[in-house]
Amino acid sequence: MTAGKGLIHAEVRYSKFKKEGGDLEIPQLWLNLPAKYKMTEPGYVGLQKDQITTFTLDQNKVKVQLIAGNWETQEGSFDSLTRIFLSTVFFLDQKGYFSKSVPTDENVFFYVVRGKIHVSGVEVPFRNLVEFENEGELIEVTASEDSTVLFGHAKSFNEPLVA
């Protein structure tokens with residue numbers, strides 16, 4: 001979704017969930033737009049799971065849903081105005097592994113939704129955000145258990161934020 005110059009947004013729940021309740025987890029990332037795109041036309045694209053670019057790594061131990069950007073030869077499901085990279089990474093097997101180069105001039109978003117992983121040898125439990133110092137390009141990740149990670153990166157706009 002691109003809010004641009006204005007968009008009405010509402011979360012919709014299934015009637016069964018409204019009546020009976022239950023577990024619900026909807027992580028949402030709201031990304032700022034640079035000044036030149038603030039008044040762009042709003043837009044929304046809703047994709048089903050089978051419409052999202054998906055591939056596996058490490059002999060099927062790791063599954064990647066590529067939302068935006070490129071991962072080697074794979075192209076993401078969405079074109080972003082700001083050339084961000086965004087993915088959901090599922091470790092389907094304990095000891096699943098991946099590595100990815102990220103340019104040192106880009107900021108990284110790396111959040112452990114579920115499970116426990118090691119990033120460059122440092123253990124990170126679920127519901128933790130990993131901060132990177134842009135000291136090198138290679139990020140190496142190994143799972144200690146079945147895990148899910150939100151992983152993205154992009155260049156900073158270097159513009160003031162106004163709330």
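Predicted, not measured: the structure shown is a model, and the values here were computed from it.
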R114: what forms a salt bridge (Lys or Arg N to Asp or Glu O under 4.0 Å) with it, not counting sequence neighbours? E25
For the residue pair S77 and T53, what are the closest heavy atoms and their distance? OG-N, 2.7 Å
Please examine the side chains of R83 and K155, heavy atoms only from C-beta on, and report whether any two atoms are closer than 4.5 Å. no
Taking the side chain as C-beta and beyond, is there a heavy-atom pair between L92 and D146 under 4.5 Å? no
Can you name the side-chain hydrogen bond (donor to acceptor under 3.5 Å, both in side chains) partners of Q74, sequence neighbours left out? none
Which atom of A3 lies closest to which atom of P42, heavy atoms considered: O-CB, 3.4 Å
With ring centroids as reference points, do Y111 and F151 lie under 6.0 angstrom apart? no
Within a 6.0 Å radius of atom NZ on K116, are there more than 12 heavy atoms belonging to other residues, nucleotides or ligands? no
Non-hydrogen atoms of K5 and E41 that approach each other most closely: NZ-OE2, 2.7 Å
Are the side chains of I139 and S99 in contact, using a 4.5 Å heavy-atom criterion? no
Heavy atoms, side chains only, cut-off 4.5 Å: are T148 and V89 in contact? no
All side-chain hydrogen bond (donor to acceptor under 3.5 Å, both in side chains) counterparts of N128, not counting sequence neighbours: none
Looking only at heavy atoms, what is the nearest atom pair of K61 and G96, with distance? CB-CA, 3.9 Å
Pick from K95, E123, H118, Q94: which one makes a side-chain hydrogen bond (donor to acceptor under 3.5 Å, both in side chains) with S144? H118
Determine whether F55 and L66 make a side-chain contact, defined as any pair of heavy atoms from C-beta on separated by less than 4.5 Å. yes
For a 4.5 angstrom cut-off between non-hydrogen side-chain atoms, does F90 reach V62? no
